[in-house]
Amino acid sequence: AQSVSQHNHHVILSEAASLELGCNYSYGGTVNLFWYVQYPGQHLQLLLKYFSGDPLVKGIKGFEAEFIKSKFSFNLRKPSVQWSDTAEYFCAVNAGNNRKLIWGLGTSLAVNP
Amino acid sequence: NAGVTQTPKFQVLKTGQSMTLQCAQDMNHEYMSWYRQDPGMGLRLIHYSVGAGITDQGEVPNGYNVSRSTTEDFPLRLLSAAPSQTSVYFCASSYRGQGAETQYFGPGTRLLVL
């Protein structure tokens with residue numbers, strides 16, 4: 001069965017630290033990959049997505065992610081986090097022609113000012 | 001566009017009561033879905049619909065019914081509420097356009113079942 005694994009459940013950083021959140025998926029075919037963010041008390045918003053082309057994808061608020069097909073990974077990065085990046089981050093995969101998203105369990109990020 | 005709207009925002013039910021969570025979208029998206037979000041369990045798909053008149057079960061459908069009589073609306077019905085259904089419910093919609101299909105989420109409904 002298809003699955004998505006997010007390695008870090010809770011991450012605590014200080015402002016200006018660099019961030020990398022891991023995401024791996026299990027599916028051998030064509031995939032579309034997403035990172036969603038959920039700020040405290042809010043609904044999920046799309047951060048960035050990959051469907052083809054350049055494997056380095058840039059999203060909103062300075063986030064980027066790199067698709068490494070050989071590693072089945074789509075890690076999220078940000079060079080310098082801010083307090084306002086405190087949120088929960090979800091990785092999701094859409095495999096083949098299946099319109100359903102397979103979700104990771106999420107990573108809770110807390111950024112200390 | 002209002003995007004995806006959900007009502008109510010909060011609801012408290014007693015065990016055994018029934019209710020309907022409303023979801024509407026004004027983006028003419030054919031695909032709509034309901035998720036529940038619980039701590040440590042991420043998002044779990046309850047039901048989804050690929051168009052008006054077509055619905056299907058997700059991974060946790062028990063205790064919930066859906067219908068899709070119009071493109072815009074996708075209500076979720078709790079038939080007989082149970083404490084295990086205490087959760088935050090999100091509705092989402094998407095369309096199959098160019099590139100990857102992106103899901104747009106509503107603000108959520110917080111449900112407490114006593």
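Letters A, B, ... are given to chains in the order of the sequence lines, protein chains preceding strands, and every chain is numbered from 1. Values below: all heavy atoms of this structure, side chains included; hydrogens, waters and symmetry mates excluded.
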Around atom CZ of B:Arg44, are there more than 12 heavy atoms of other residues, nucleotides or ligands at under 6.0 Å? yes
In Å, rounded to the nearest 0.5 Å, how long is the span from CG of A:Asn32 to OG1 of B:Thr102? 9.0 Å
With a 4.5 Å cut-off on side-chain heavy-atom distances among I, L, V, M, F, W and Y, is there a chain of contacts connecting A:Phe63 to A:Val4? yes
Below 4.5 Å from any heavy atom of chain B, which atoms of A:Gln38 appear? Answer side chain, backbone, both or neither. side chain
Any side-chain heavy-atom pair from A:Leu44 and B:Tyr104 closer than 4.5 angstrom? no
If you round to the nearest 0.5 Å, how far is OG of B:Ser94 from CG of A:Asn94? 8.5 Å
Hydrophobic cluster membership, with links at side-chain heavy-atom distances under 4.5 Å among I/L/V/M/F/W/Y: are A:Leu48 and A:Ile60 in one? yes
What part of B:Leu43 lies closer than 4.5 angstrom to a heavy atom of chain A: side chain, backbone, both or neither? both
Cluster question for you: counting only ILVMFWY and a side-chain heavy-atom cut-off of under 4.5 Å, with indirect links fine, are A:Val11 and A:Tyr39 together? yes
Taking a cut-off of under 4.5 angstrom between non-hydrogen atoms, the residues of residues 18-36 of chain B near chain A are B:Glu30, B:Tyr31, B:Tyr35
With a 4.5 Å heavy-atom cut-off, do A:Phe90 and B:Gln37 have their side chains touching? yes
Just wondering, do B:Tyr48 and A:Lys100 contact through their side chains at under 4.5 Å, heavy atoms? yes
Scored by heavy-atom pairs under 4.5 Å with chain A, the best of B:Met41, B:Gln103, B:Glu59 is B:Gln103
Following the transitive rule for hydrophobic clusters with a side-chain heavy-atom cut-off under 4.5 Å over Ile, Leu, Val, Met, Phe, Trp and Tyr, establish whether B:Leu45 and A:Tyr36 coincide in one cluster. yes
Counting only heavy atoms from other residues, nucleotides and ligands, does the tally under 6.0 Å from CD1 of A:Ile12 exceed 12? no
Does one hydrophobic cluster hold both A:Leu19 and A:Leu105, with members joined at side-chain heavy-atom distances below 4.5 Å? no
